Structures are given as C-alpha cells and as structure tokens.
Amino acid sequence: MIATALLAAAGLPLVLVVMAKVRDRTQSSGQVALGGVITFTLLVVLGVLTLTVLPGLVAWVLVAAVAAAVSVMLLAS
C-alpha cells in the first residue's frame with residue numbers, strides 16, 4: 001500500500017515532466033495530451049499491478065525507478 005502511494009506521488013510529476021518535454025519537442029497540443037494520457041495510463045497500470053500481483057521487492061524497485069527517472073528529468077531540464 002505504501003509503495004503504491006509513493007509510486008503515485010512520484011508518478012504525477014513524471015506525467016507533467018513528460019508533457020513538458022513533448023511540448024518542447026513538438027509544439028503540438030495533441031501530442032502533449034497523448035503523451036500525458038499514455039504516461040498516466042502506464043502509471044495507473046503499474047499502480048494496480050503493485051497493489052494486486054507484484055511481489056514487494058518488485059514494487060519497491062518500481063518506486064525507486066520512477067523516483068530516479070523523475071529526479072533525472074527534473075535535474076536535466
């Protein structure tokens with residue numbers, strides 16, 4: 001449960017960063033929306049898998065990977 005909450009907390013800024021990167025590269029609002037929807041859907045699927053079928057170690061590795069991705073993307077921009 002805690003891993004899923006942390007995944008969501010780290011994932012929501014990831015959605016925003018992905019949308020900003022798509023906007024910078026394409027200047028297309030349709031592409032920005034599509035990037036946001038894909039990232040959010042992937043985040044929801046990972047959250048559901050974390051709650052239901054993934055073992056604890058895998059869930060925490062996912063949380064660490066998402067947090068690392070957000071950190072790198074925020075530092076790079």
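Note that the coordinates shown come from a computational prediction; the quantities given were computed from them, not determined experimentally.
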Which atoms form the tightest heavy-atom contact between [X] and [Y], and what is the distance?
X: Thr50; Y: Ala3; result: CG2-CB, 4.3 Å
X: Trp60; Y: Leu6; result: CZ3-CD1, 3.6 Å
X: Ala9; Y: Pro13; result: O-CD, 3.0 Å
X: Leu12; Y: Phe40; result: CD2-CE1, 4.1 Å

Can you tell me how far apart [atom1] ([X]) and [atom2] ([Y]) are? Round to the nearest 0.5 Å.
X: Lys21; Y: Arg23; atom1: NZ; atom2: CZ; value: 11.0 Å
X: Thr41; Y: Leu46; atom1: OG1; atom2: CG; value: 11.0 Å
X: Thr4; Y: Leu49; atom1: OG1; atom2: CG; value: 10.0 Å
X: Ile2; Y: Leu7; atom1: CD1; atom2: CG; value: 13.5 Å

So Leu14 and Leu43, side-chain contact (heavy atoms from CB on, under 4.5 Å) or not? Walk me through it. CA-CA 9 Å; Leu14 180 65; Leu43 182 65; 5.9 Å; no
Same apolar cluster: [X] and [Y], side chain cutoff 4.5 Å:
X: Val58; Y: Val44; answer: yes
X: Val66; Y: Ile38; answer: no
X: Met1; Y: Val48; answer: no
X: Val63; Y: Val53; answer: yes

Hey, are the side chains of Met73 and Val18 touching, using non-hydrogen atoms and a 4.5 Å cut-off? yes
